[in-house]
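Small disclaimer: the values here were computed from a predicted structure and weren't measured. Counting from 1, the numbers follow the sequence of the chain as shown.
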Amino acid sequence: MHAFDVLGDPVRRRILELLADGERPAGAIVEVIAGEFGITQPAVSRHLRVLRETGFATVRAEGARRLYAVDGAGIDDAERQLARYRAQWSQRLDALHTEVARGLRGRRAPDAADDPTHDRDRTDETETT
């Protein structure tokens, strides 16, 4: 599964937010996620399995409890995938910035000295006084 597919799911993103604060028991994760998303314990367990299998979470047994934590491998994978796009985005955003700047320069009002009506208006004022 692609890292963006994993992160594209709001339930999995929320689980990762919970785990970002530190290791949590599965029961505590289920309690929060079931309350916020209205899904069952088996559904939360499936999301946790996806996070484990894709390298976003680790699990360790402590007696009968299962403790989950963020695994940096999945995040590193997502970062590498983003890096490929970042270079393309930077070039395109730089080009967009250049075009916007050109457009703004083209729309600016001319300076008073460059305005052909500027002198005429001044002449009209002196003739009426």
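- Looking at every heavy atom in both residues, V70 comes nearest to L16 through CG2-O, 4.2 Å.
- Residues meeting the side-chain hydrogen bond (donor to acceptor under 3.5 Å, both in side chains) test with R84, sequence neighbours left out: none.
- The structure places CG of D77 at 9.5 Å from CG of L7, a figure rounded to the nearest 0.5 Å.
- With values rounded to the nearest 0.5 angstrom, H97 atom NE2 is found 11.0 Å from E99 atom CD.
- By the side chain to side chain contact (heavy atoms under 4.5 Å, CB included) test, A26 pairs with R66, Y68, sequence neighbours left out.
- E36 is linked by a side chain to side chain contact (heavy atoms under 4.5 Å, CB included) to R14, V32, counting only residues two or more places apart in sequence or in another chain.
- Between A3 and F56, the closest heavy-atom pair is CB-CZ, 3.9 Å.
- Both V6 and I39 sit in one connected hydrophobic cluster of ILVMFWY residues. Membership requires side-chain heavy atoms under 4.5 Å apart, directly or through other members.
- Cluster annotation: V50 and V59 are assigned to the same hydrophobic cluster (Ile/Leu/Val/Met/Phe/Trp/Tyr, side-chain heavy-atom contacts under 4.5 Å, transitive).
- Going from atom CD1 of I15 over to atom CD1 of I29 covers 6.5 Å, rounded to the nearest 0.5 Å.
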Open item on the list: Go through it in stages, so that I can follow the logic: the residues are D5 and T54, the test is side-chain contact (heavy atoms from CB on, under 4.5 Å), and I'd like the CA-CA distance, side-chain angles, deciding distance and then a yes or no.
Closed with: CA-CA 10 Å; D5 293 327; T54 56; over 6 Å; no

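- Summarising the geometry, atom CG belonging to L51 is positioned 10.5 Å from atom OG1 belonging to T58; distances are rounded to the nearest 0.5 Å.
- Nearest heavy-atom pair, L19 versus A57, reported as atom, atom and distance to 0.1 Å: CD1-CB, 4.1 Å.
- Among residue pairs with one or both ends in residues 41-50, those qualifying as side chain to side chain donor-acceptor pair (under 3.5 Å) are R12-H47, Q41-S45; sequence neighbours excluded.
- Annotation: side chain to side chain donor-acceptor pair (under 3.5 Å) contacts involving residues 21-34, sequence neighbours excluded, comprise E23-R60.
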